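The model shown is predicted, which means the values in this text are computed figures rather than measured ones.
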Amino acid sequence: MSAALQMMAFGLALLSTLFLLLATCTDCWMVNADDSLEVSHKCRGLWRECVTNMQDGVRTCDQYDSILADHPVKIVVTRTLLITADLLAGLALAMLLLGLDCIKFLKEEPRVKLKMCYGAGVILSIGSILGLVGSVWYAVDVYMERAMLVSHNIFLGVHYDFGWSCWLGMAGSTGCFVASILLTCCLY
């Protein structure tokens, strides 16, 4: 039972960590949500802004000036939280891999392997909370920006909604949290 639970937690943690990494690297945290006859699809990410021409499929991206340049708070905070969550999830994944019963590393020390799995669960939970806070922070900021424009009857021609990268970040963080629960609560 313990080995099956470990393998299930490892598979979920691996998939969720990949989701977090993809969310951090991709460029579609905000998408234009106009229902009009748009000829282009606009995505804003943490690192650049991309526009795809819907007629011929040509995609052009503008990199943000610099990592150290002045950026909106939502981009800086989300970058920081997601990069930290990625690093913690990667560390927890490596620690969990070494703590699995099916791995021959420290085979004669089952208590040490169990502590490694438990420690991986704790690290994974911290990373998942940071990733979830970063993703939800960004989503709430997008919503508040749109609500403020609507309440002031301001229409700029484009209005943005949550993109698939934002949803991927939330899904990856949630999966890491479930894996951490499996490792910390159910393994004992």
Side-chain angles (χ1 to χ4, degrees), residues 11-90 92-93 124-181:
L12 183 59
L14 179 65
L15 182 67
S16 300
T17 301
L18 289 175
F19 281 4
L20 273 174
L21 285 169
L22 281 173
T24 304
C25 298
T26 54
D27 302 318
C28 210
W29 281 78
M30 291 170 55
V31 301
N32 60 330
D34 291 340
D35 292 329
S36 62
L37 297 172
E38 289 289 321
V39 294
S40 63
H41 179 73
K42 298 174 187 93
C43 282
R44 286 187 183 167
L46 301 177
W47 310 103
R48 61 188 174 189
E49 184 173 342
C50 297
V51 177
T52 305
N53 188 328
M54 300 304 281
Q55 294 173 347
D56 58 8
V58 174
R59 184 175 192 226
T60 57
C61 295
D62 291 330
Q63 295 282 110
Y64 295 146
D65 293 336
S66 166
I67 292 175
L68 301 175
D70 288 334
H71 295 291
V73 174
K74 71 179 171 189
I75 289 178
V76 174
V77 169
T78 305
R79 278 181 185 174
T80 305
L81 290 172
L82 258 71
I83 289 171
T84 307
D86 292 342
L87 293 172
L88 288 174
L93 207 56
L124 204 57
S125 69
I126 294 168
S128 68
I129 290 169
L130 292 176
L132 197 59
V133 167
S135 300
V136 170
W137 168 282
Y138 196 92
V140 166
D141 198 62
V142 169
Y143 176 77
M144 294 301 290
E145 182 180 315
R146 185 175 65 196
M148 184 188 70
L149 292 175
V150 169
S151 69
H152 291 20
N153 290 328
I154 299 172
F155 183 70
L156 300 174
V158 175
H159 108 204
Y160 287 94
D161 208 354
F162 315 131
W164 61 270
S165 297
C166 187
W167 292 110
L168 200 61
M170 288 183 203
S173 299
T174 304
C176 284
F177 191 72
V178 170
S180 74
I181 289 173

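- In this structure, Leu88 CG and Ile126 CD1 are separated by 7.0 Å, a value rounded to the nearest 0.5 Å.
- From Ile83, atom CD1 reaches atom OG1 of Thr24 across 7.0 Å, with rounding to the nearest 0.5 Å.
- Here the closest heavy-atom approach between residue Ser135 and residue Gly169 is recorded as OG-C, 3.4 Å.
- Taking 4.0 Å as the cut-off between side-chain N and carboxylate O, Asp27 and Lys42 do not count as a salt-bridged pair.
- For the pair Trp29 and Ala23, the tightest heavy-atom approach, listed with the atom from each and the gap, is NE1-O, 2.9 Å.
- If you run side-chain contact (heavy atoms from CB on, under 4.5 Å) between Leu130 and each of Leu82, Leu87, Leu81, only Leu81 comes through.
- One finds the NZ atom of Lys74 at 4.0 Å from the CE atom of Met30 (value rounded to the nearest 0.5 Å).
- For the atom pair Ile181 CD1 and Cys176 SG, the distance stands at 11.5 Å (nearest 0.5 Å).
- For the atom pair CZ of Phe177 and CG of Leu132, the computed distance is 9.0 Å after rounding to the nearest 0.5 Å.
- Nearest heavy-atom pair across Leu124 and Ala89 is CD1-CA, 4.0 Å.
- Not one N or O on the side chain of Trp47 forms a donor-acceptor pair closer than 3.5 Å with the backbone of Arg79.
- Nearest approach of Phe19 to Gly172, heavy atoms of both residues: CB-CA, 3.7 Å.
- Annotation for Phe162 and Val31: closest pair O-CG2, 4.0 Å, computed over non-hydrogen atoms.
- Across all their heavy atoms, Ser173 and Gly131 have their closest contact at OG-C, 3.0 Å.
- Looking only at atom types and distance, the side chain of Ser125 has no donor-acceptor partner in the side chain of Ser180 under 3.5 Å away.
- Rounded to the nearest 0.5 Å, atoms CG (Leu93) and OG1 (Thr17) are 5.0 Å apart.
- Per the SG-SG cut-off, Cys50 and Cys43 are not bridged by a disulfide [distance not under 2.5 Å].
- Counting heavy atoms from C-beta on, the side chains of Tyr138 and Val133 never come closer than 4.5 Å.
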